[in-house]
There are 2 protein chains.
Amino acid sequence: MELRLLRSFIAVAETRNFGAAARALMTTQPALTKQIQVLERQTGNTLFTRGRHGASLTAAGEALLADSTDLVRRADALALRMERVAMGAEGVLNVGFGMSTIDVAPRSVAAFRECHPAVDIRLEDMSSSVQFAAIREGSVHVGFVRLPAPPEMGTRVIRRDQLALAVPSGEAIPEPDRSSLRECLQDRPLIRLLKDRGPGLAAQTNELFTDLGCSPTVMYETSDLLTVLALVAAGAGWSLVPASASAIVPEGVQLIPIDLESAVWSVGTAWLLKSQSPLVPLFLQSVETNVKG
Amino acid sequence: MELRLLRSFIAVAETRNFGAAARALMTTQPALTKQIQVLERQTGNTLFTRGRHGASLTAAGEALLADSTDLVRRADALALRMERVAMGAEGVLNVGFGMSTIDVAPRSVAAFRECHPAVDIRLEDMSSSVQFAAIREGSVHVGFVRLPAPPEMGTRVIRRDQLALAVPSGEAIPEPDRSSLRECLQDRPLIRLLKDRGPGLAAQTNELFTDLGCSPTVMYETSDLLTVLALVAAGAGWSLVPASASAIVPEGVQLIPIDLESAVWSVGTAWLLKSQSPLVPLFLQSVETNVKG
DNA sequence: GGTTTCGATTCCATGCTGGCATGCAATTTA
DNA sequence: TAAATTGCATGCCAGCATGGAATCGAAACC
């Protein structure tokens with residue numbers, strides 16, 4: 001029993017006229033006659049009583065009509081659904097993001113959700129390195145990460161970010177060259193923004209220190225950026241934070257961007273290249289417009 | 001989207017292995033590969049990620065799997081149901097019966113209902129002529145009627161029945177020859193069992209009177225056999241009833257079968273010859289065993 | 001009685017479908 | 001390291017299912 005035959009059957013049952021049904025189905029009357037004959041042979045029932053004034057349903061035909069219309073309707077709904085899935089109008093999209101994209105990521109997701117309400121999009125907070133692992137195993141489809149990403153992933157740069165010195169207001173501002181910085185930071189009590197290991201902010205900070213050739217004493221360690229800035233404001237020490245944190249810098253703290261190569265990194269989106277979900281490019285485009293806007 | 005493709009898809013999705021699925025479907029692996037490719041083209045989605053260790057479902061494939069199994073299950077159920085309808089294990093059967101088959105008809109229907117519980121069988125009381133009309137228009141499928149039936153119907157004789165004189169006990173019993181009967185009945189008050197016109201009991205009675213060449217005076221008319229017999233017992237007059245009524249004859253009444261040709265008729269089943277319902281022969285067979293038993 | 005209507009039948013071309021052999025890639029085994 | 005194995009894809013070919021044009025047959029209508 002194939003859906004094609006059931007569709008033909010329904011058409012005949014509704015018009016009670018083979019010729020008219022054939023026209024509606026964009027086929028010919030002999031073809032329809034044969035199809036119904038096949039269906040009758042397959043079901044073992046005579047479905048129509050053929051009269052001179054068209055065809056009328058037998059009891060068996062009536063029984064089939066009710067169920068087959070339901071079946072065909074479901075099949076059509078399924079086809080439609082698959083079409084929506086193909087277009088990316090439906091589905092699941094897991095997005096990862098880290099501290100450094102706290103401004104872009106939620107905005108992008110919210111905008112995307114508005115455009116595609118049937119998509120189940122979720123935002124999960126995790127560091128870049130965790131995101132890379134999650135993307136690789138498929139549990140995250142697009143990540144907002146620090147670049148570069150592993151080679152099996154596609155990336156798009158959103159912006160370049162850099163480290164900045166968080167210094168209590170009123171302190172003498174060091175020149176942003178290598179030697180001044182080394183001198184400044186050497187032996188200075190430092191508040192460290194601690195996240196995971198891997199290509200994160202902590203790693204970036206370490207890289208800078210290696211570049212400068214100094215190793216400050218760490219006074220406090222915390223994983224919350226606001227806590228760090230509050231401690232700096234309270235005079236507990238200096239710190240190194242993303243320059244993009246300027247948006248949330250409290251009273252009593254100034255940020256001094258560091259223009260050294262080792263203090264600069266890119267932030268962007270990453271996704272598995274072999275992923276074929278139509279949602280990924282759709283979401284990337286949404287991000288692009290949101291970053292520009 | 002055809003059910004064949006969905007069945008193939010489900011088989012692959014369940015085994016996660018094209019070769020194994022092909023074996024299960026009694027086909028070959030290349031055929032399956034092509035079917036899935038067609039399905040993927042039709043739905044516009046990649047349904048499997050083909051790895052070295054078999055195939056695994058994509059997100060789109062997962063979405064399709066749930067709905068398609070449901071769809072296929074429904075289609076199978078429908079096919080099964082049609083099979084049952086074809087076998088006569090399911091359906092509607094309307095049976096008509098009259099006074100003269102009050103013994104056989106309900107028993108046959110009850111027995112049939114027990115054997116085929118899914119069949120919605122209904123018994124309706126109506127005279128033979130009404131049954132013929134109902135059978136012709138399809139509202140009754142099998143009737144218990146007086147024979148003969150119209151030529152477009154098939155028939156089977158259940159038994160021969162005849163008219164009998166219902167006489168109060170103690171009355172002189174007339175010889176059952178034509179002249180004695182005429183003499184007896186002429187001018188005798190008669191209680192008439194009145195049903196509809198047509199080839200019914202009343203017609204049979206009239207036929208007998210024509211044959212005898214007499215026309216008794218009708219004292220009472222009623223359509224209930226028991227009332228007729230009660231009136232006879234009360235001495236209100238004589239009557240002509242089916243000889244088979246002997247089973248319910250009350251005290252004070254005796255039945256005298258009339259052996260004349262014009263007083264005899266057959267009782268049996270009738271059905272539309274062009275009816276193709278499998279329930280009809282099934283029911284007829286059931287009747288046959290019930291009549292013999 | 002001719003005409004129309006409506007379904008069934010016949011015949012034929014087309015194209016879908018499946019099967020076989022084979023290819024290709026990755027992994028396991030000797 | 002070569003051979004065997006596993007697993008899916010591809011090319012090619014045969015067979016059959018499917019559909020279309022023409023025709024038929026029966027019934028109804030004018």
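Every chain is numbered from 1 and lettered A, B, ... according to where its sequence line falls, protein lines coming before strand lines.
For A:His53, counting side-chain heavy atoms from C-beta on, the closest listed nucleotide (D:dC8, C:dA8, D:dC29) is D:dC29. Taking every side-chain heavy atom of B:Pro30 into account, C:dC20 is the closest of C:dC20, C:dA8, D:dC8. Out of C:dG19, D:dA28, D:dC8, the shortest distance to the side chain of B:Thr28 is found at C:dG19. With C:dG7, D:dA21, C:dG18 as the candidates, the nucleotide lying closest to the side chain of B:Thr27 is C:dG18. Nearest to the side-chain atoms of A:Arg52 among the listed nucleotides D:dA28, D:dT10, C:dA8 stands D:dA28. In this structure, the nucleotide among C:dG7, C:dG18, D:dT10 sitting nearest to the side chain of B:Gln35 is C:dG18. Listed candidates were D:dA9, D:dG19, C:dT9. Nearest to the side chain of A:Gln37 is C:dT9.
Put simply, A:Arg4 has a side-chain N or O that comes within less than 4.0 Å of OP1 or OP2 on D:dG19. Taking side-chain N and O atoms only, B:Thr33 has no distance below 4.0 Å to OP1 or OP2 of D:dC8. The shortest distance between the side-chain N/O atoms of B:Arg50 and the OP1/OP2 oxygens of D:dA9 is below 4.0 Å. Between B:Asn17 and D:dT6 there is no side-chain polar atom (N or O) within less than 4.0 angstrom of OP1 or OP2.
Side-chain N/O atoms of A:Lys34 and base N/O atoms of C:dG7 include no donor-acceptor pair closer than 3.5 Å.
One can place CG of B:Leu39 at 13 Å from P of D:dA9, the figure rounded to the nearest angstrom. In this structure, CZ of A:Arg23 is placed 18 Å from P of D:dG19, rounded to the nearest angstrom. Look at CD on B:Glu2: it is 13 Å from C1' on D:dA17, rounded to the nearest Å. Per the geometry, CD1 belonging to B:Ile36 stands 15 Å off C1' belonging to C:dG18, to the nearest Å. As a whole-Å value, the separation of B:Phe9 CZ from D:dC8 C1' is 17 Å. Whole-Å rounding puts the A:Leu32 CG to C:dG7 P distance at 10 Å. The CG atom of A:Leu25 sits 11 Å away from the P atom of D:dG20 (whole-angstrom rounding). Atom-to-atom, CZ of A:Phe18 to C1' of C:dA8 comes out at 10 Å; the value is rounded to the nearest Å.
No side-chain N or O of B:Gln37 forms a donor-acceptor pair with one of B:Thr33 less than 3.5 Å apart. No side-chain donor-acceptor contact under 3.5 Å links B:Ser127 and B:Gln131. A donor-acceptor pair shorter than 3.5 Å can be found between the side chains of A:Ser56 and A:Thr49.
Within the structure, salt bridge (Lys or Arg N to Asp or Glu O under 4.0 Å) pairs that include any residue of residues 11-33 of chain B do not occur (at least two apart or interchain).
No more than 12 heavy atoms of other residues, nucleotides or ligands lie within 6.0 Å of CD in B:Gln285, so this atom counts as exposed by the packing criterion.
Between B:Glu40 and B:Arg50, at least one side-chain nitrogen of the basic residue sits less than 4.0 Å from a carboxylate oxygen of the acidic one, meeting the salt-bridge criterion. The pair A:Glu2-B:Arg4 fails the salt-bridge criterion, with no side-chain N (NZ, NE, NH1 or NH2) lying under 4.0 Å from an Asp/Glu carboxylate O.
Every residue meeting the side-chain contact (heavy atoms from CB on, under 4.5 Å) condition with A:Val72, not counting sequence neighbours, appears here in chain and number order: A:Leu3, A:Leu6, A:Arg7, A:Ile10, A:Asp76.
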Between protein and nucleic acid, restricted to nucleotides 1-3 of chain C and to nitrogen or oxygen atoms under 3.5 Å apart, what atom pairs and distances do you find?
none

